[in-house]
J.: 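I am attaching a structure below and will ask some questions about it afterwards.
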Number of protein chains: 2
Amino acid sequence: MRPTSIKDIARLANVSHSTVSRALRDSPLVNHETAAEIRRLADKMGYRLSAAARSLVTQRTDTIGVVVTTIADPFAAGVVEGIEEAANEHGLSVLLANSNADPERELRVVRTLEERRVDGIIVTASRVGALYIPELERMQVPIVLLNNQHPGEFAHSVMIANTEASEALAGHLIGLGHRQIAYLGDRFGRESDAERFEGFRRALTAAGLKLEKRFVVHGDGRPEGGHEAMARLLEGPRRPTAVFCYNDMSALGALLAIREAGLRVPADISVTGFDDLYLAQYTEPPLTTVRQPMRRMGRLALETLIQLLAGDRTKRNLKVPGELIIRGSTAAPQRKL
Amino acid sequence: MRPTSIKDIARLANVSHSTVSRALRDSPLVNHETAAEIRRLADKMGYRLSAAARSLVTQRTDTIGVVVTTIADPFAAGVVEGIEEAANEHGLSVLLANSNADPERELRVVRTLEERRVDGIIVTASRVGALYIPELERMQVPIVLLNNQHPGEFAHSVMIANTEASEALAGHLIGLGHRQIAYLGDRFGRESDAERFEGFRRALTAAGLKLEKRFVVHGDGRPEGGHEAMARLLEGPRRPTAVFCYNDMSALGALLAIREAGLRVPADISVTGFDDLYLAQYTEPPLTTVRQPMRRMGRLALETLIQLLAGDRTKRNLKVPGELIIRGSTAAPQRKL
DNA sequence: AACACCATTGCACACGTGTGCAATGATTGT
DNA sequence: ACAATCATTGCACACGTGTGCAATGGTGTT
């Protein structure tokens, strides 16, 4: 059984399908009473317009594509929540696509979005396979990148102010009296890692501290990598009194490694994260970090897209400030140096 | 500029659009050489078929709707990852819809999915607003519920074996020597909460232990609620030696409350969770829990849907076993009673 | 040579909706 | 009373793709 169409309604209402179409779209070109009757019938028959048929003629799908590396990443999930929320308010649907950092899937994803004729695309892939960006570029569709920059002119972006936030966070550690501060980065972090490191470096420089090479290590942005990198840091003869981690996930691993080494946080070592994931409140001790307003960033990305869809093509590169969240994982170093 | 259509290709190839359509669908009804030429042209012109136009005639959209309460819930995210992965393999796209436990949004979501003519729907809303289920029921579309049952005949389901897993988990505590075990539930948990409690109860009964009413409290399934409920448990004169929490999130809050009370886990109190979220490995101490294979459950739900789409309408109610994961948050009680 | 058969192609319609234009009848103004 | 205006409606086409059927021309068979 096909779903009921406007033709079915037209038949019962003794009018043409044109009139039904107009009536349901609240066009003033229809007699008020017939319109009411038509709406009554439509409701009674459980009519739902066919988005496919409409989009065929309007050349819009009212659908946007959201590409993430994996939705299992809490950051991506937070962002997508914001996107979806705002999209819903604007009458847009969200087509979700996980790229899984797999080149083959990335291409398939792009192909799908193209066939689906999405009106716009938001890409939230921290470790974006640069491979498929050119593919996206071919499509004549507005694209907004989230926490990911691209040199080309084709894409707009919403980014967290990595450098500024990192500088503030490192400043907090320095303010507590730390002098031996390590940077535990993400070797897949690309620009984000570079920018956070830059902020970190600036704070040290501003305080006249020297950056020691052996105090710069890299994980993979996840607990496993943070754990392993932290363990390496602790091997050395002199250990840092504080560790600045690329993100909360890395910090989680670092906390574990420190615990395993029989040291205490923050008494022996202070630890900071980045993101302020939900779990950062519940680590032991609760994690000092920088809050990325994920939901708001998602909304912002969507609203940027809306502007672009409305025809306003001015280049947009929004920068969202992070918020310093000070919790129990940072404190003054135990002993003066 | 419109995207190129098969008509454009037809013009350049000096054939009718029918031939192009056939060629691109690898129909044997086309001369091999012309087909090759057409494909060459299509590729050169960057042709992408219009999913909307096709679905209009095929009456299929190759799209499924996935309804979650909020994608920011790590469990939902894990499930959706599995769904998306499998959907992709089957050539299906995923339309994501957050219901946000908001009745108004739920209705809008259903409406959207209906207009989009999704081929099927998967609902992963632990706290499902029973409100819109009848709405879904109206649609003539296969529906798979995940970790959520519904009496009606219309829906199929994939569920974790709550009772069995809970019984095993509670059995683990009893085996360690615990006799005073509290249940920290989720007042919004509905069937899930009821079933986990049932498993818990069975284990106690089997061991000849009495269930004390004051040892049964309820949170909200999140750290905040777990924290508050645990605090209540600790107020009493005699406190339990172990707490069985509805899920990992609740356990997170419980851990915090215990720490705030100056007690240690597992020395003073053992704690268990449920779900085995990523973070369960990184709590202090790491959490004993039951693993729900979220990704696999997502895949399973999708594959069930595929079966239904293929026309096989036999009622399916899959039950997935949970896996007991024993970590550091449980140990034998300190002193004998 | 007449016939049947086959490969290939185009015609025409369908899917469900939106809309410019013309047609119709009614209302208003002078 | 006549013309001009207005409200309402239907016609016909468009959007892009898929497919049953007929048409065409060629090949092989008897």
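All values below were derived from every heavy atom in this structure, side-chain atoms included, with hydrogens, water molecules and symmetry-related copies excluded. All chains are named by letter (A, B, ...) in the order of the sequence lines, taking the proteins before the strands, and each is independently numbered beginning at 1.
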J.: Within this structure, what is the CG-to-P distance between A:D62 and C:dT17, rounded to whole angstrom?
T.: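 Distance, rounded to whole Å: 15 Å.
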J.: When you measure from the side chain of B:S21, which nucleotide among D:dG18, D:dT8, D:dC11 comes out closest?
T.: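 Given the options D:dG18, D:dT8, D:dC11, the side chain of B:S21 is closest to D:dG18.
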J.: Between B:R22 and C:dT8, is there a contact of a side-chain N or O with OP1 or OP2 at under 4.0 Å?
T.: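 Negative; the distance criterion is not met.
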J.: Could you check whether A:V20 gets within reach of a base, just the sugar-phosphate, or nothing at all, counting any heavy atom under 4.0 Å?
T.: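 Nothing, no nucleic acid heavy atom in range.
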J.: Of A:K7 and A:L29, whose nearest nucleotide on DNA chain C comes first from the 5' end?
T.: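 Comparing both residues, the 5'-ward one is A:K7.
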J.: Take atom CZ of B:R2 and atom C1' of D:dT17, then tell me their distance rounded to the nearest Å.
T.: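 My rounded result for the distance is 15 Å.
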J.: With the side chain of B:T19 defined as its heavy atoms from C-beta on, choose the nearest nucleotide among C:dT9, C:dG16, C:dT19.
T.: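 For the B:T19 side chain, the nearest candidate turns out to be C:dT9.
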J.: Return the nearest nucleotide to the side chain of A:H17; candidates are C:dT8, C:dG16, D:dC13.
T.: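 From the listed options, D:dC13 comes nearest.
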J.: Taking any heavy-atom pair under 4.0 Å as a contact, classify A:S27: base, sugar-phosphate, or nothing.
T.: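 Here A:S27 touches no strand at all.
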J.: Using modelled atom types and a 3.5 Å cut-off, is there a donor and acceptor pairing between side-chain atoms of A:T19 and backbone atoms of A:V15?
T.: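 Answer holds: no.
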J.: Which of residues 46-61 of chain B sit near DNA chain C, with a heavy atom under 4.0 Å from it?
T.: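 Close to the strand are B:L56, B:V57, B:Q59.
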J.: What is the separation between atom CG on A:L24 and atom P on C:dG16, rounded to the nearest whole Å?
T.: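 The distance from CG of A:L24 to P of C:dG16 comes to 15 Å, rounded to the nearest Å.
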J.: Less than 3.5 Å apart, any donor N or O on the side chain of B:N100 or B:T70 sitting next to an acceptor on the other?
T.: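 Side chains of B:N100 and B:T70: no pair found under 3.5 Å.
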J.: Can a donor-acceptor pair be found, under 3.5 Å and without considering hydrogens, that links the side chain of B:N98 to the backbone of A:E85?
T.: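 Side chain of B:N98 to backbone of A:E85, a donor-acceptor pair under 3.5 Å: no, none is there.
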J.: Round to a whole Å and report the spacing from NE2 of A:H32 to P of D:dC6.
T.: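 Going from A:H32 (NE2) to D:dC6 (P), I get 21 Å.
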J.: Inspect the contact between A:E115 and B:R48 and indicate whether a charged nitrogen and a carboxylate oxygen are less than 4.0 angstrom apart.
T.: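 Salt bridge between B:R48 and A:E115, a charged N being under 4.0 Å from a carboxylate O: no.
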J.: Would you say A:S16 places a side-chain N or O within less than 4.0 Å of OP1 or OP2 belonging to D:dC11?
T.: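 So the side-chain polar atoms of A:S16 never come under 4.0 Å of the phosphate oxygens OP1 or OP2 of D:dC11.
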J.: What is the separation between atom CE on A:M1 and atom P on C:dG16, rounded to the nearest whole Å?
T.: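 That distance rounds to 11 Å.
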J.: Would you call A:R40 and A:E37 a salt bridge, taking side-chain N to carboxylate O under 4.0 Å as the test?
T.: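 Between A:E37 and A:R40 there is a salt bridge, with a charged N closer than 4.0 Å to a carboxylate O.
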J.: What's the CD1-P distance between A:I6 and D:dC11, to the nearest Å?
T.: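 Rounded to whole Å, this separation is 14 Å.
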J.: Should the pair B:R22-B:D26 be classified as a salt bridge under the 4.0 Å nitrogen-to-oxygen rule?
T.: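 Judged by the 4.0 Å cut-off on N to carboxylate O distance, B:R22 and B:D26 do not form a salt bridge.
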J.: In a check of side chain to side chain contact (heavy atoms under 4.5 Å, CB included) between A:I64 and each of A:V141, A:I83, A:L95, which one passes?
T.: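 Exactly one candidate clears the test, A:I83.
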J.: Provide, to the nearest angstrom, the distance between the CZ atom belonging to B:R11 and the C1' atom belonging to C:dG10.
T.: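 Between C1' of C:dG10 and CZ of B:R11: 16 Å.
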J.: Just to be sure I understand the rule, does B:N14 reach a base, reach only the sugar-phosphate, or reach nothing, if contact means heavy atoms closer than 4.0 Å?
T.: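 Answer is sugar-phosphate: B:N14 comes under 4.0 Å of backbone atoms only.
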J.: Counting only N and O atoms by type, is there a donor-acceptor contact under 3.5 Å from the side chain of A:S27 to the main-chain atoms of A:A23?
T.: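 No; zero donor-acceptor contacts below 3.5 Å.
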J.: Pair B:E84, A:R105 - check salt bridge (charged side-chain N to carboxylate O under 4.0 Å, His left out), show working.
T.: CA-CA 12 Å; B:E84 215 276 340; A:R105 279 199 61 173; 2.6 Å; yes
J.: Can B:R116 and A:T63 be counted as having a side-chain donor-acceptor contact under 3.5 angstrom?
T.: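 The criterion, which ignores hydrogens and geometry beyond distance, is satisfied for A:T63 and B:R116.
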J.: In whole angstrom, what separates A:R116's CZ from D:dG16's P?
T.: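 It is 17 Å, rounded to the nearest whole Å.
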J.: A:P28 or B:S18: which one's nearest nucleotide on DNA chain D is closer to the 5' end?
T.: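 So the residue in question is A:P28.
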J.: Starting from the first five and the last five pairs of the helix from C:dA1-D:dT30 to C:dT30-D:dA1, work out the angle between the resulting helix axes, to 10 degrees.
T.: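 End-to-end axis angle: 50°.
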